[in-house]
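Just so it is clear, the values below take in all heavy atoms, side chains as well, and ignore hydrogens, waters and symmetry mates.
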Amino acid sequence: MSQPIVAARDLRKEYRMGDTVVAALDGVSLEIARGEMVAIMGPSGSGKSTLMNLIGALDVPTSGSIVIDGVALETADSAALADLRSRAIGFVFQQFQLLARLPALDNVAMPLLYARSFTGDAKAIARDRLSRVGLAERSHHLPTELSGGQQQRVAIARALVNDPAILLADEPTGALDSRTGRSIIRLFQDLNAAGQTVVMVTHDEGVARACNRIVRFRDGRIVEDAKNADVWRPEIEEAA
(Lines give C-alpha, C1' and ligand atoms only; values in the text may rest on other atoms or scores of the structure.)
Protein backbone atom coordinates (compact mmCIF):
# COMPACT_ATOMS: atom_id res chain seq x y z
CA MET A 1 0.00 0.00 0.00
CA SER A 2 1.37 3.46 -0.93
CA GLN A 3 2.12 6.03 1.73
CA PRO A 4 -0.68 8.55 2.42
CA ILE A 5 -0.25 11.85 0.65
CA VAL A 6 -1.23 13.67 3.87
CA ALA A 7 -0.34 12.20 7.28
CA ALA A 8 -1.01 14.28 10.41
CA ARG A 9 -0.34 13.09 13.95
CA ASP A 10 -1.52 14.91 17.11
CA LEU A 11 -1.44 18.18 15.19
CA ARG A 12 -1.69 21.43 17.11
CA LYS A 13 -1.67 24.98 15.81
CA GLU A 14 -1.79 27.80 18.35
CA TYR A 15 -2.06 31.55 17.92
CA ARG A 16 -1.32 34.12 20.60
CA MET A 17 -3.77 36.99 20.98
CA GLY A 18 -2.33 39.26 23.65
CA ASP A 19 -2.05 37.11 26.77
CA THR A 20 -4.42 34.47 25.38
CA VAL A 21 -3.37 31.38 23.45
CA VAL A 22 -5.98 30.10 21.00
CA ALA A 23 -5.75 26.51 19.78
CA ALA A 24 -6.94 26.55 16.16
CA LEU A 25 -6.11 22.84 15.91
CA ASP A 26 -6.18 20.72 19.03
CA GLY A 27 -4.65 17.27 18.60
CA VAL A 28 -5.75 16.44 15.05
CA SER A 29 -4.71 13.12 13.48
CA LEU A 30 -5.66 12.50 9.87
CA GLU A 31 -4.52 10.59 6.80
CA ILE A 32 -5.51 11.21 3.19
CA ALA A 33 -4.66 8.57 0.62
CA ARG A 34 -3.53 9.30 -2.90
CA GLY A 35 -6.53 9.43 -5.22
CA GLU A 36 -9.09 10.38 -2.57
CA MET A 37 -11.62 13.19 -2.95
CA VAL A 38 -12.15 14.58 0.55
CA ALA A 39 -14.36 17.37 1.88
CA ILE A 40 -13.20 19.28 4.97
CA MET A 41 -16.22 20.86 6.66
CA GLY A 42 -17.02 22.90 9.73
CA PRO A 43 -18.30 26.30 10.89
CA SER A 44 -16.13 29.41 10.91
CA GLY A 45 -13.41 29.06 13.53
CA SER A 46 -13.62 25.27 13.59
CA GLY A 47 -10.07 24.73 12.33
CA LYS A 48 -10.72 23.67 8.75
CA SER A 49 -9.04 26.74 7.22
CA THR A 50 -6.03 26.26 9.50
CA LEU A 51 -5.75 22.67 8.32
CA MET A 52 -6.03 23.86 4.71
CA ASN A 53 -3.11 26.25 5.28
CA LEU A 54 -1.02 23.38 6.64
CA ILE A 55 -1.91 20.99 3.80
CA GLY A 56 -1.01 23.79 1.38
CA ALA A 57 2.38 24.32 3.11
CA LEU A 58 1.38 27.91 3.82
CA ASP A 59 2.00 27.47 7.53
CA VAL A 60 3.70 25.07 9.94
CA PRO A 61 2.28 23.40 13.08
CA THR A 62 3.00 24.47 16.64
CA SER A 63 3.44 20.83 17.62
CA GLY A 64 2.70 17.37 16.33
CA SER A 65 3.61 16.33 12.81
CA ILE A 66 2.22 16.65 9.33
CA VAL A 67 3.83 15.11 6.24
CA ILE A 68 2.69 16.34 2.81
CA ASP A 69 3.84 14.26 -0.16
CA GLY A 70 6.85 13.03 1.82
CA VAL A 71 7.85 16.42 3.32
CA ALA A 72 7.59 16.93 7.10
CA LEU A 73 6.38 20.50 7.54
CA GLU A 74 7.55 20.89 11.13
CA THR A 75 11.20 20.50 10.09
CA ALA A 76 11.08 22.10 6.63
CA ASP A 77 12.71 25.48 6.03
CA SER A 78 11.13 28.23 3.94
CA ALA A 79 12.86 27.07 0.74
CA ALA A 80 11.58 23.51 1.19
CA LEU A 81 8.05 24.78 1.85
CA ALA A 82 8.17 26.96 -1.27
CA ASP A 83 9.37 24.01 -3.32
CA LEU A 84 6.57 21.83 -1.93
CA ARG A 85 3.95 24.43 -2.82
CA SER A 86 5.26 24.85 -6.35
CA ARG A 87 5.56 21.17 -7.23
CA ALA A 88 2.96 19.36 -5.13
CA ILE A 89 0.03 21.68 -4.41
CA GLY A 90 -2.46 23.14 -6.86
CA PHE A 91 -4.59 25.88 -5.28
CA VAL A 92 -8.14 26.76 -6.33
CA PHE A 93 -9.88 29.64 -4.53
CA GLN A 94 -13.43 30.95 -4.25
CA GLN A 95 -12.40 34.16 -5.99
CA PHE A 96 -10.63 33.08 -9.16
CA GLN A 97 -7.59 35.36 -8.74
CA LEU A 98 -6.87 35.66 -12.46
CA LEU A 99 -4.83 38.55 -13.84
CA ALA A 100 -7.32 40.72 -15.71
CA ARG A 101 -4.92 41.89 -18.43
CA LEU A 102 -3.72 38.41 -19.41
CA PRO A 103 -5.62 35.93 -21.59
CA ALA A 104 -6.56 32.53 -20.21
CA LEU A 105 -3.52 30.82 -21.74
CA ASP A 106 -1.06 33.19 -20.04
CA ASN A 107 -2.89 32.97 -16.72
CA VAL A 108 -2.55 29.18 -16.82
CA ALA A 109 1.09 29.23 -17.93
CA MET A 110 2.20 31.75 -15.30
CA PRO A 111 3.27 29.28 -12.55
CA LEU A 112 5.60 27.59 -15.04
CA LEU A 113 7.01 30.88 -16.28
CA TYR A 114 7.94 31.79 -12.69
CA ALA A 115 9.43 28.38 -11.87
CA ARG A 116 13.21 28.77 -12.07
CA SER A 117 13.82 25.09 -12.79
CA PHE A 118 11.26 24.80 -15.61
CA THR A 119 12.72 24.57 -19.12
CA GLY A 120 9.83 23.16 -21.18
CA ASP A 121 7.13 24.74 -23.35
CA ALA A 122 4.88 26.48 -20.83
CA LYS A 123 2.31 27.54 -23.43
CA ALA A 124 1.94 23.98 -24.76
CA ILE A 125 1.35 22.63 -21.25
CA ALA A 126 -1.13 25.44 -20.54
CA ARG A 127 -3.06 24.59 -23.72
CA ASP A 128 -3.26 20.97 -22.60
CA ARG A 129 -4.61 21.95 -19.18
CA LEU A 130 -7.19 24.27 -20.72
CA SER A 131 -8.26 21.39 -22.92
CA ARG A 132 -8.61 19.16 -19.85
CA VAL A 133 -11.07 21.61 -18.30
CA GLY A 134 -13.00 22.09 -21.56
CA LEU A 135 -11.76 25.56 -22.48
CA ALA A 136 -9.33 24.97 -25.35
CA GLU A 137 -11.31 27.32 -27.58
CA ARG A 138 -11.17 30.15 -25.00
CA SER A 139 -7.41 30.28 -24.55
CA HIS A 140 -7.03 33.81 -25.95
CA HIS A 141 -9.98 35.34 -24.07
CA LEU A 142 -9.41 37.77 -21.21
CA PRO A 143 -11.05 36.98 -17.86
CA THR A 144 -13.59 39.77 -18.44
CA GLU A 145 -14.67 37.93 -21.60
CA LEU A 146 -15.40 34.73 -19.69
CA SER A 147 -18.30 33.70 -17.49
CA GLY A 148 -17.76 32.98 -13.80
CA GLY A 149 -17.74 29.25 -14.42
CA GLN A 150 -15.24 29.62 -17.25
CA GLN A 151 -12.99 31.77 -15.06
CA GLN A 152 -13.05 29.06 -12.39
CA ARG A 153 -12.13 26.47 -15.02
CA VAL A 154 -9.16 28.63 -16.02
CA ALA A 155 -8.18 28.79 -12.34
CA ILE A 156 -8.42 24.99 -12.10
CA ALA A 157 -6.31 24.61 -15.25
CA ARG A 158 -3.71 26.92 -13.68
CA ALA A 159 -3.74 24.78 -10.52
CA LEU A 160 -3.11 21.68 -12.65
CA VAL A 161 -0.26 23.10 -14.69
CA ASN A 162 2.47 21.69 -12.40
CA ASP A 163 0.85 18.23 -12.20
CA PRO A 164 0.27 18.68 -8.46
CA ALA A 165 0.02 15.77 -6.08
CA ILE A 166 -2.91 17.52 -4.33
CA LEU A 167 -5.57 19.80 -5.78
CA LEU A 168 -6.59 21.96 -2.82
CA ALA A 169 -9.83 23.87 -3.30
CA ASP A 170 -11.19 26.50 -0.90
CA GLU A 171 -14.95 27.02 -1.38
CA PRO A 172 -14.54 26.49 -5.16
CA THR A 173 -18.23 27.04 -5.98
CA GLY A 174 -18.87 29.83 -3.47
CA ALA A 175 -18.86 32.63 -6.08
CA LEU A 176 -20.95 30.71 -8.64
CA ASP A 177 -24.65 30.17 -9.23
CA SER A 178 -25.97 26.69 -8.46
CA ARG A 179 -26.02 25.42 -12.06
CA THR A 180 -22.48 26.60 -12.76
CA GLY A 181 -21.38 25.23 -9.39
CA ARG A 182 -22.66 21.78 -10.39
CA SER A 183 -20.57 21.86 -13.55
CA ILE A 184 -17.46 22.69 -11.49
CA ILE A 185 -18.24 19.83 -9.08
CA ARG A 186 -18.50 17.47 -12.06
CA LEU A 187 -15.14 18.69 -13.28
CA PHE A 188 -13.52 17.94 -9.91
CA GLN A 189 -15.12 14.49 -9.95
CA ASP A 190 -13.79 13.85 -13.46
CA LEU A 191 -10.29 14.91 -12.41
CA ASN A 192 -10.50 12.67 -9.36
CA ALA A 193 -11.70 9.73 -11.47
CA ALA A 194 -8.54 10.22 -13.55
CA GLY A 195 -6.42 9.83 -10.40
CA GLN A 196 -6.10 13.37 -9.06
CA THR A 197 -6.19 13.73 -5.26
CA VAL A 198 -8.72 16.45 -4.39
CA VAL A 199 -9.20 18.12 -0.99
CA MET A 200 -12.07 20.61 -0.78
CA VAL A 201 -12.67 22.98 2.13
CA THR A 202 -16.34 23.96 2.07
CA HIS A 203 -19.39 25.10 4.02
CA ASP A 204 -21.65 23.64 1.32
CA GLU A 205 -23.24 20.29 2.15
CA GLY A 206 -23.92 19.72 -1.55
CA VAL A 207 -20.24 20.10 -2.42
CA ALA A 208 -19.33 17.78 0.45
CA ARG A 209 -21.80 15.15 -0.74
CA ALA A 210 -19.96 15.06 -4.07
CA CYS A 211 -16.83 13.81 -2.28
CA ASN A 212 -15.99 10.24 -1.34
CA ARG A 213 -15.15 11.17 2.24
CA ILE A 214 -16.29 13.91 4.61
CA VAL A 215 -14.23 15.15 7.56
CA ARG A 216 -16.07 17.50 9.95
CA PHE A 217 -14.35 19.90 12.35
CA ARG A 218 -15.54 21.68 15.46
CA ASP A 219 -13.48 23.66 17.97
CA GLY A 220 -10.19 22.59 16.44
CA ARG A 221 -10.94 18.88 16.51
CA ILE A 222 -12.28 16.27 14.13
CA VAL A 223 -15.78 15.29 15.25
CA GLU A 224 -16.61 13.04 12.30
CA ASP A 225 -14.58 11.31 9.60
CA ALA A 226 -16.65 9.05 7.38
CA LYS A 227 -16.72 7.55 3.94
CA ASN A 228 -19.59 8.85 1.83
CA ALA A 229 -21.56 5.85 0.61
CA ASP A 230 -24.01 7.97 -1.38
CA VAL A 231 -21.85 10.24 -3.52
CA TRP A 232 -23.82 12.99 -5.26
CA ARG A 233 -23.13 13.00 -8.97
CA PRO A 234 -24.64 16.13 -10.50
CA GLU A 235 -24.70 14.70 -14.03
CA ILE A 236 -27.09 11.96 -12.87
CA GLU A 237 -29.33 14.47 -11.08
CA GLU A 238 -29.51 16.78 -14.10
CA ALA A 239 -30.34 13.88 -16.42
CA ALA A 240 -33.27 12.80 -14.21
NZ/NE/NH1/NH2 to OD/OE distance under 4.0 Å, [X] and [Y]:
X: D225; Y: R213; result: yes
X: R12; Y: E74; result: no
X: R101; Y: D106; result: no
X: K48; Y: D170; result: no

Less than 4.5 Å apart, any side-chain heavy atom of [X] and any of [Y]?
X: L58; Y: R85; answer: yes
X: L105; Y: R127; answer: yes
X: T180; Y: Q152; answer: no

For [X] and [Y], work out which heavy atoms get closest and say how close.
X: R158; Y: P111; result: CG-CG, 3.7 Å
X: I89; Y: I55; result: CD1-O, 3.5 Å
X: A210; Y: I185; result: CB-CG2, 3.3 Å
X: A122; Y: A109; result: O-CB, 4.0 Å

Atom pair CG/OG of D83 and S78 - distance to nearest 0.5 Å: 11.5 Å
Distance in Å, L25 CG paired with R221 CZ, rounded so as to fall on 0.5 Å steps: 11.5 Å
Is the backbone N or O of [Y] less than 3.5 Å from a side-chain atom of [X], with the two atoms forming a donor-acceptor pair by type?
X: N228; Y: C211; result: yes
X: T173; Y: L176; result: no
X: E145; Y: P103; result: no
X: D121; Y: K123; result: yes
X: S139; Y: A104; result: no

Among L191, N212, V199, side-chain contact (heavy atoms from CB on, under 4.5 Å) partner for M37: N212
Residue from N107, L142, V108 passing side-chain contact (heavy atoms from CB on, under 4.5 Å) with L102: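 So the option named by the test is N107.
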V67-I40 co-clustered via ILVMFWY side chain contacts under 4.5 Å: no
